[in-house]
Amino acid sequence: MGAYQCEKRHWLSVFEPERATKLTDAELERMAQGTHVTELARKRWPNGVLIEGKNSLEAVELTRQALSAGATVIFEAAFLVGGLFARVDVLERMGRRNRYRVIEVKSSLDLKPEKHIPDIAFQVHVVQQSGLDVTDAAVLTLNREFRCGDDLKDLFDEGWVTNEGRTKDVRQVWKRVRKALPEVKEAIARARAVEARSTAPDIEVGRHCRTPNECPYLAHCEASRHIWHVSRLPRIKKQQEAELREAGVHTFDALPDSFDLSPLQRRFVRAECEGVPYVGERLAEVLEGIAYPLAFIDFEAVQPGLPVFRETQPYERIPFQWSAHILSHPDAEPKHLEFLADEGSDPRFGFAGTLREAIADAATLCYYSSYEPDTIRGLAQAGIPHAGPMVDLMAERGLDLLDVVRDHLYLPEFRGRFSIKTVLPALAPGFGYSDLQIQGGDHAQLVFARMIRGEIEDVAATRTALLDYCCRDTEAMVIVFRALRRLAGLNPE
Ligand code: SF4
């Protein structure tokens with residue numbers, strides 16, 4: 001229920017749902033994966049009754065009939081009470097005393113209390129209001145010890161699982177849900193009050209827009225936010241934001257002198273308010289210190305919730321593709337090398353073996369963000385041959401180009417962002433990704449996952465599109481690197 005996060009969100013979802021950002025194909029794919037996981041979880045209860053129905057009302061009626069017929073386990077049980085509708089992944093009758101347990105299936109490894117408990121508490125509230133005696137709740141999450149090839153009955157963990165650790169104490173879930181029930185009632189009351197309004201509540205964009213989930217109306221709300229709103233200050237702390245709000249300061253052109261700006265925030269404010277770019281004094285020194293051959297590398301990987309390659313675990317990162325552009329000296333023509341796995345077998349072995357050979361002679365390994373070293377570390381932990389030595393190579397010769405940009409450059413066109421897709425066109429107008437069939441990492445992952453499942457008809461064309469995309473990433477790094485050198489006065493225009 002959106003009112004948990006923000007009353008404006010709830011108002012928009014009722015009266016102007018068309019303002020929500022449309023889900024991407026990659027997000028739809030993740031949702032489909034979640035549905036598949038829920039279906040697999042049903043195998044734990046062979047006698048369960050699945051509620052389908054053409055619409056919500058029919059599902060509610062079928063649920064009523066299943067309960068009357070004495071069903072002990074119902075999948076997708078539907079309830080509608082006082083305008084509140086809830087659907088329960090698994091409703092289980094416990095013992096003979098007509099007590100029920102609500103079970104939520106999550107396709108994640110951890111239970112995220114701030115996100116999941118309110119959802120379950122809402123379901124419990126609605127089912128209780130329908131007259132059933134709900135006295136327990138549980139969550140099934142994916143078992144991180146599960147490995148592809150194990151018995152599917154071991155795919156799930158039941159109980160209280162968090163990022164910090166796990167406990168099999170299932171009572172923790174019910175304890176938290178019970179504690180959250182009064183908040184559900186308050187949220188429902190707030191939602192009803194908001195529904196009586198003819199206009200959306202005046203709520204500014206803030207941290208709450210991304211917690212516990214990114215609000216689907218974020219783009220809509222940001223469009224009406226002042227262009228210099230303080231919430232756009234990079235890495236502004238919660239406390240600082242609250243203090244400024246309290247002092248009535250809403251835009252960063254009006255910051256008091258006493259406000260302690262970090263160097264990055266200072267560059268950001270100058271670039272935004274005065275259009276002044278920043279080129280750090282040490283940029284030339286940093287770039288001159290780079291050893292050659294210099295290899296720019298970029299990877300693509302999938303992370304299937306349901307592992308598909310033998311011995312892999314849920315959400316294990318499986319790199320399937322790399323691209324490298326190698327410069328023998330700053331002005332040399334880059335040499336391009338690449339690898340894209342066959343979709344039929346575990347890609348990690350070919351990935352690691354070919355990459356190690358390609359980068360063996362590089363004196364500097366340049367990547368953009370920690371994704372590449374993290375991926376190699378993951379391969380080494382999984383015992384993939386050649387990955388261990390590459391961890392050492394990365395430690396000795398690695399250079400994060402993102403750090404170089406972030407620490408030594410700021411252009412007004414960055415608008416507070418440093419992704420390669422923002423930095424590239426800002427530094428080299430005319431260059432970008434818009435001419436490519438695949439234009440983002442999410443899309444590349446989705447396409448490769450579909451190739452693994454045999455859902456792609458024109459495999460040859462799709463492989464070309466994947467190669468083009470990954471190649472563009474390392475090409476972009478070369479362009480950014482050379483633009484940095486020009487700005488530092490090291491390369492002629
Ligand atoms: S983007 Fe933020 S302010 Fe706007 S509706 Fe969503 S949560 Fe509320």
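Just follow the structure's listing: the first ligand is 1, and inside any ligand the first atom is 1. Keep in mind that the numbers below use all heavy atoms, side chains included, and drop hydrogens, waters and symmetry copies.
Shown in contact with Cys221 at under 4.0 Å from a heavy atom are these atoms of ligand 1, numbered in order with element: 1 (S), 4 (Fe), 5 (S). Ligand 1 places these atoms under 4.0 Å from at least one heavy atom of Arg9: 5 (S). Counting the atoms of ligand 1 from 1 in the order shown, those under 4.0 Å from a heavy atom of His208 are 2 (Fe), 3 (S), 7 (S), 8 (Fe). Residue Leu218 approaches ligand 1 through these ligand atoms, each under 4.0 Å from one of its heavy atoms: 1 (S).
A salt bridge is absent between Glu7 and Arg197; no separation between the charged side-chain nitrogens and carboxylate oxygens falls under 4.0 Å. Ion pairing between a basic and an acidic side chain is recognised when a charged N comes within 4.0 Å of a carboxylate O; Glu343 and Arg463 show such pairing. Using a 4.0 Å cut-off between charged nitrogen and carboxylate oxygen, Arg30 and Asp442 count as a salt-bridge pair.
Under 2.8 Å from atom 4 (Fe) of ligand 1 lies no N/O/S atom of Cys209, from backbone or side chain alike. Put simply, Cys6 stays out of reach of atom 2 (Fe) of ligand 1, with no N, O or S atom under 2.8 Å from it.
In terms of protein heavy-atom proximity, atom 6 (Fe) of ligand 1 is nearest to Cys215 SG, 2.4 Å.
Between Tyr469 and Tyr433, the two ring planes are tilted [angle within 30° to 60°]. The aromatic rings of Phe252 and Trp228 are tilted relative to each other, their planes meeting at an angle between 30° and 60°.
Glu195 places no side-chain N or O within 3.5 Å of a backbone atom of Val14 that could act as its donor or acceptor partner.
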